[in-house]
Each structure stands twice: as structure tokens, then as C-alpha cells.
Amino acid sequence: MPHVEILQLLVSPVHRLAGRPGDGLPELPPGDLVTTAEVRAGLGIVGDRYFNHPAHRNASITLMAAERLPPSGPYAADLLRTRRNVLLRGIDIDACVGRTVFLDCGAGPVELEVRSAARPCAWMDTTLGPGAQRALRGGGGVRCRPLTDGVLTVGPALFGVREPEDTKHT
């Protein structure tokens with residue numbers, strides 16, 4: 001099983017990017033970056049704006065690979081600017097669409113059904129810098145449905161992909 005690192009966790013109770021990208025960068029409160037996030041099966045991350053939101057139950061958690069973030073720009077690339085929930089290093093999470101994966105930070109695995117790509121929007125050019133939206137195509141992260149309850153924490157984690165026969169027993 002590969003070892004990965006959870007670099008950041010974002011739990012935001014409010015919509016972070018409102019209005020139009022051309023209006024400029026909104027205030028991005030750093031308090032939304034946390035060291036621990038509680039995940040609930042079928043509901044999302046406790047305290048996040050998509051938690052138990054019917055329209056987002058199949059995509060309530062977003063993961064992104066740090067390796068896909070643009071290396072340069074006027075701003076530091078992080079979850080405050082991409083509005084994803086989990087920033088990982090060490091795995092190409094964008095290649096996992098259609099699979100069931102897990103992250104285990106030491107308290108047991110949190111299983112996630114990787115449902116679709118989290119496509120970058122025009123906000124990326126405002127929050128990360130010009131050209132970021134194009135640079136993130138095919139690498140803007142993934143939208144997931146949590147299958148189990150658990151806790152994610154910043155730091156090292158085990159990552160795995162469940163084979164179809166494994167998921168029948170969970």
C-alpha cells in the first residue's frame with residue numbers, strides 16, 4: 001500500500017468563491033484550514049457546506065493532488081484557493097475516477113467512491129493566477145462520496161484502491 005501525505009484539510013461552512021472571478025479575489029479566511037476532519041458515510045465532512053446537502057451527497061468530498069497544482073503564480077497554491085477538501089501528496093488521485101479508494105491516517109480506513117473529476121473553473125485564474133484553469137484541466141481533483149465514517153488528519157496516511165470484490169463486503 002502506498003504511503004501518501006495529507007498536506008491540508010479544508011472544512012468551509014460557507015461558499016468561498018461567490019460573485020464573478022473578474023470582480024477580484026475575495027477574502028479567504030485561513031480558519032477553514034483544519035488539522036482533523038470528521039467524515040460521515042453518505043453525508044460528507046462534518047461542518048463543511050456540502051455536508052448532508054442532497055444535491056451533493058454523491059460528490060460531498062473533493063480530493064486534489066499537490067503535484068497537479070501550478071508550480072508558480074502570484075499566490076501560494078493551496079486549498080484556500082482551489083476550494084477542495086483534501087490536498088494529497090504522493091498519489092495521482094485524478095487517475096482514480098470510477099474506483100473506490102481509502103485513506104487511513106491511523107484510526108482506520110475512510111473509504112471514498114471517486115465519482116467524477118472536479119473540473120477547474122474560471123476562479124482558478126483569479127485565485128491561483130492567469131492560466132491556472134487551463135493548467136489544471138485533467139488534474140483539478142476528484143469528487144467523492146464517502147462510504148464509511150472516519151477521521152482524516154494532516155500528516156502521513158496509507159492509500160489504497162479497493163478492488164470490486166473487496167467493496168462487496170464493506
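Computation of the quantities below employed the complete heavy-atom set of this structure, encompassing side-chain atoms and omitting hydrogens, waters and symmetry-equivalent molecules.
- Listed here is the closest heavy atom pair of V97 and V114: CA-CG1, 3.6 Å.
- The two residues S60 and P146 make their nearest non-hydrogen contact at OG-CD, 3.3 Å.
- Atoms CZ and CG, from R49 and D32 in turn, are 11.0 Å apart once rounded to the nearest 0.5 Å.
- Taking 4.5 Å as the limit, every side-chain heavy atom of I6 sits out of range of all side-chain heavy atoms of T153.
- Rounding to the nearest 0.5 Å places CD of Q8 at 5.0 Å from CG of L33.
- Side-chain contact between V86 and L152 is present, with heavy atoms from C-beta onward closer than 4.5 Å.
- The side-chain tip of R40 does not point at the ring of F51 from less than 6.0 angstrom away and within 45° of straight on.
- Under the 3.5 Å distance criterion, the side-chain polar atoms of N52 are left unmatched by any main-chain donor or acceptor of L43.
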Trace of the side chain to side chain contact (heavy atoms under 4.5 Å, CB included) decision for D48 with S12: CA-CA 5 Å; D48 192 70; S12 180; 4.3 Å; yes
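- Here the CG atom belonging to L87 is positioned 5.0 Å from the CG atom belonging to L7, to the nearest 0.5 angstrom.
- The closest donor-acceptor contact from the side chain of E5 to the backbone of A157 lies at 3.5 Å or more, if one exists at all.
- Looking at P109 and F159, their side chains never come closer than 4.5 Å, going by heavy atoms from C-beta outward.
- Between R115 and R145 the shortest heavy-atom distance is CG-N, 4.0 Å.
- Smallest separation of non-hydrogen atoms from L158 and H3: CD2-CE1, 3.1 Å.
- Under the 4.5 Å side-chain criterion, counting only non-hydrogen atoms from C-beta, L112 is not in contact with T100.
- Using a 4.5 Å cut-off on side-chain heavy atoms (C-beta onward), V142 and T62 make no contact.
- How far CE of M64 is from CG of L10: 12.5 Å, rounded to the nearest 0.5 Å.
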Side chain to side chain contact (heavy atoms under 4.5 Å, CB included) between L103 and L88, worked out: CA-CA 10 Å; L103 287 165; L88 298 170; 4.0 Å; yes
Given I61 and V39, is the side chain to side chain contact (heavy atoms under 4.5 Å, CB included) satisfied, shown in steps? CA-CA 9 Å; I61 299 177; V39 176; 3.8 Å; yes
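- Contact detail for E111 and T148: the closest heavy-atom pair is N-OG1, 2.8 Å.
- In terms of heavy-atom proximity, V161 sits nearest to R99 at CG1-NH2, 3.2 Å.
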